[in-house]
Amino acid sequence: MLDVTVTNQSASPSRAASRRCLAIVLAAGEGTRMKSARPKVLHEIAGRSMLGHVLAAVTEAGAEDVAVIVGPDRDDVAREAARLAVKAEIFVQTERLGTAHAVLAARAALERGADDVIVAFGDTPLMRPATFQRLRESLAQGAAVAVLGFETREPTGYGRLVIEGGILAAIREEKDASEAERAITLCNAGLMALAGRHALAILDRIGNANAKGEYYLTDSVQVARDLGLSAVALVAEEEEVQGVNDRQQLAGAEAAMQARLRGAAMRNGATLVAPETVFFTHDTRLGRDVVVEPNVVFGPGVVVEDGAVIHSFSYLEGARVGAGALIGPFARLRPGADLAAKVRIGNFVEVKNSTLGVGTKVNHLTYVGDATVGAGTNVGAGTITCNYDGFRKHKTVIGAGAFIGSNSSLVAPVTIGDGAYVGSGTVVTGDVPADALAVARTRQVNKEGWAKAFRDKFAPREKD
Ligand code: UD1
Ligand code: MG
């Protein structure tokens, strides 16, 4: 990020950090271009609503107080805001009269006072906490207004930053701009920071005598100047300030967020063989020397500990993978899968709400649900825990060092003791004591010569 007008760059972060900060998040957008029953800011990128990303960023940037501005009849947005940020205060902007009007919906919060006020947009989910902190530092250095600009080849539609003699003089909205001002490529990102002690004085002086008849937050620059206060501009990368208005921009934001998450995973010591084919959720945690092969998807709540390998085409959510475990290819780990170190989960294996002990192997074509399995147990191909009776879920307990023969059905609730064997093809309906063998299948009968006699009877006819 580049600084346009701030000369003293050495403001200590602690100086900004000790200042009380109020974040006002505008989430009253109509979002009609999304063509969705869902409000725009509740659409998700990397498994979290855009509003959730913005609330996380302002909180990380040090905002103790958060005000979320929602439109009328937007209980769903209010509920999501309350869920994401317990302390968030919700304000309703009953009429959409412009960005400054929206900020003033939080008048009660502004009147309570703050050193720094940051204004964020709920539909601009890629903003980094560090950028909000830079805006706050400008306030700590004495600016009354700090705005965020970006350079773009496509300035149409954006407000332009008018710089005169190295000083930010005004922000001109496209519809109100002169020919010369429209040629400016330094655009307004929209988000900004205001010094708390001047915020209300500035906001209350903003009028609506412009092309749209709206109260523009951007006019705070000019108003601050008129009051003899200083306004500065910082420059951010275009990607970071991208707003989302339609599904295509949503996909663009998703791609940018995935690129960030992949980069963070690799910087943290994980190998992604083909990073562009691996998809993360915002909270995915990978340890060191984890290897993720191509085409793997991480849903919410996954932790992979050091040295584990996730083979191709696996889908994980709500799971912990212990150190050195080998998962997949084609594995599905569902919520509550808790795998200890060195567990091996092979192809076409699904694990849900189950704990597996150290070194246990479930290598092929198996469903393990609502189970506890001890260490060093081998679960053979095609084993199924029959955990559901159509109404209730039941638990399967398998001890340590046990051996479950292939194609066994374990009808829960059932317990199989330590070191027990289950013969292949067994339907286990009762508990198996430790070190016992359970077999439940009909005895084999061999009929000598039967096959040859069968062939001799039918083979000549086939030739006709
Ligand atoms: C705004 C800026 C413009 C900037 C652009 C960047 C103003 C006046 N203009 O323009 O300089 O280049 O963002 O994308 O601020 N909102 C409300 N209530 C309202 C109006 C808006 O909550 O009454 C919210 C919207 O939901 C949105 C944000 O404020 O999240 C920006 O509003 P929008 O109408 O998109 O402003 P732009 O015209 O894009
Ligand atoms: Mg906009």
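A quick note: this is a predicted structure, and the numbers were derived from the prediction, not measured. In listed order, ligands and their atoms are each counted from 1.
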Side chain, backbone, both or neither: which part of Thr124 comes within less than 4.0 Å of ligand 1 when only heavy atoms are counted? neither
Does the side chain of Lys393 come under 3.5 Å of the side chain of Asn353 through a donor N or O and an acceptor N or O? no
Where is the nearest protein heavy atom to atom 13 (O) of ligand 1: which residue, which atom, and how far? Phe121 CE1, 3.8 Å
Could you tell me if the side chain of Leu104 sits less than 4.5 Å from the side chain of Leu200, heavy atoms only? yes
Looking at Tyr216, which atoms of ligand 1 are within less than 4.0 Å of one of its heavy atoms? 8 (C)
Which distance, rounded to the nearest 0.5 Å, do you find between the NE2 of His101 and the CG of Leu26? 12.0 Å
Ranking Lys40, Met50, Arg96, Arg160 by closest non-hydrogen atom to atom 34 (O) of ligand 1, top hit is Arg96
For the pair His394 and Asp389, evaluate side chain to side chain donor-acceptor pair (under 3.5 Å) and give the outcome as yes or no after the intermediate values. CA-CA 8 Å; His394 302 283; Asp389 61 14; 2.9 Å; yes
Numbered in order shown, the ligand 1 atoms found under 4.0 Å of a heavy atom of Asp123 are 30 (O)
Are there protein heavy-atom neighbours of atom 39 (O) of ligand 1 below 4.0 Å? no
Could you tell me, atom by atom, which parts of ligand 1 come under 4.0 Å of a heavy atom of Gly159? 3 (C), 4 (C), 11 (O), 12 (O)
Which ligand 1 atoms are under 4.0 Å away from a heavy-atom of Ala102? 17 (C), 18 (N), 22 (O)
Under 4.0 Å, heavy-atom basis, I'd like to know which part of Gln93 is in contact with ligand 1: side chain, backbone, both or neither. side chain
Atoms in ligand 1 with a heavy atom of Thr99 nearer than 4.0 Å: 7 (C), 8 (C), 15 (O), 20 (C), 21 (C), 29 (O), 31 (C), 32 (O)
For Tyr315 together with Phe330, are the ring centres under 6.0 Å from each other? no
With distance as the sole test, does Arg182 use its side chain to make a donor-acceptor pair with the main-chain N or O of Glu174 at under 3.5 Å? yes
I'd like to know whether Ile345 forms a side-chain contact (heavy atoms from CB on, under 4.5 Å) with Val351, so could you lay out the CA-CA distance, the side-chain angles of the two residues, the decisive distance to 0.1 Å, and finally the verdict. CA-CA 9 Å; Ile345 301 294; Val351 181; 4.0 Å; yes
Provide the number and element of each atom of ligand 1 under 4.0 Å from a heavy atom of Asn188. 2 (C), 3 (C), 4 (C), 5 (C), 6 (C), 11 (O), 12 (O)
Tell me whether ligand 1 is touched by Ala189 - counting only heavy atoms on the residue side and a distance under 4.0 Å. yes
Partner of Val77 under side chain to side chain contact (heavy atoms under 4.5 Å, CB included), picked from Ile90, Val41, Val92, is Val41
If every non-hydrogen atom of Gly149 is compared with every non-hydrogen atom of Leu161, which pair is closest and at what distance? CA-CD1, 3.7 Å
Please indicate whether any nitrogen or oxygen in Gly98 is less than 3.5 Å from any nitrogen or oxygen in ligand 1. yes
Counting each atom of ligand 1 from 1 as listed, which ones have a heavy atom of Leu97 under 4.0 Å away? 23 (O)
Among residues at least two apart in sequence or on other chains, which ones pass ring-ring contact (aromatic ring centres under 6.0 Å, His included) with Tyr215? none
Look only at interatomic distance and state if Tyr158 has a nitrogen or oxygen under 3.5 Å from any nitrogen or oxygen of ligand 1. no
For ligand 1, which atoms, with element, lie under 4.0 Å from some heavy atom of Lys212? 38 (O)
Heavy-atom proximity to atom 2 (C) of ligand 1, picking from Glu173, Arg172, Glu174, Met192, points to Glu173
Identify the protein heavy atom lying closest to atom 22 (O) of ligand 1, giving its residue, its atom name and the separation to 0.1 Å. Ala28 CB, 3.2 Å
Applying a 4.0 Å heavy-atom criterion (strictly less than), which segment of Ala100 is in contact with ligand 1: side chain, backbone, both, or neither? neither
Should the pair Phe280 and Phe298 be assigned to parallel (<30°), tilted (30 to 60°) or perpendicular (>60°) ring geometry? parallel
Hey, which of Arg20, Glu89, Arg107 is the one that makes side chain to side chain contact (heavy atoms under 4.5 Å, CB included) with Arg112? Glu89
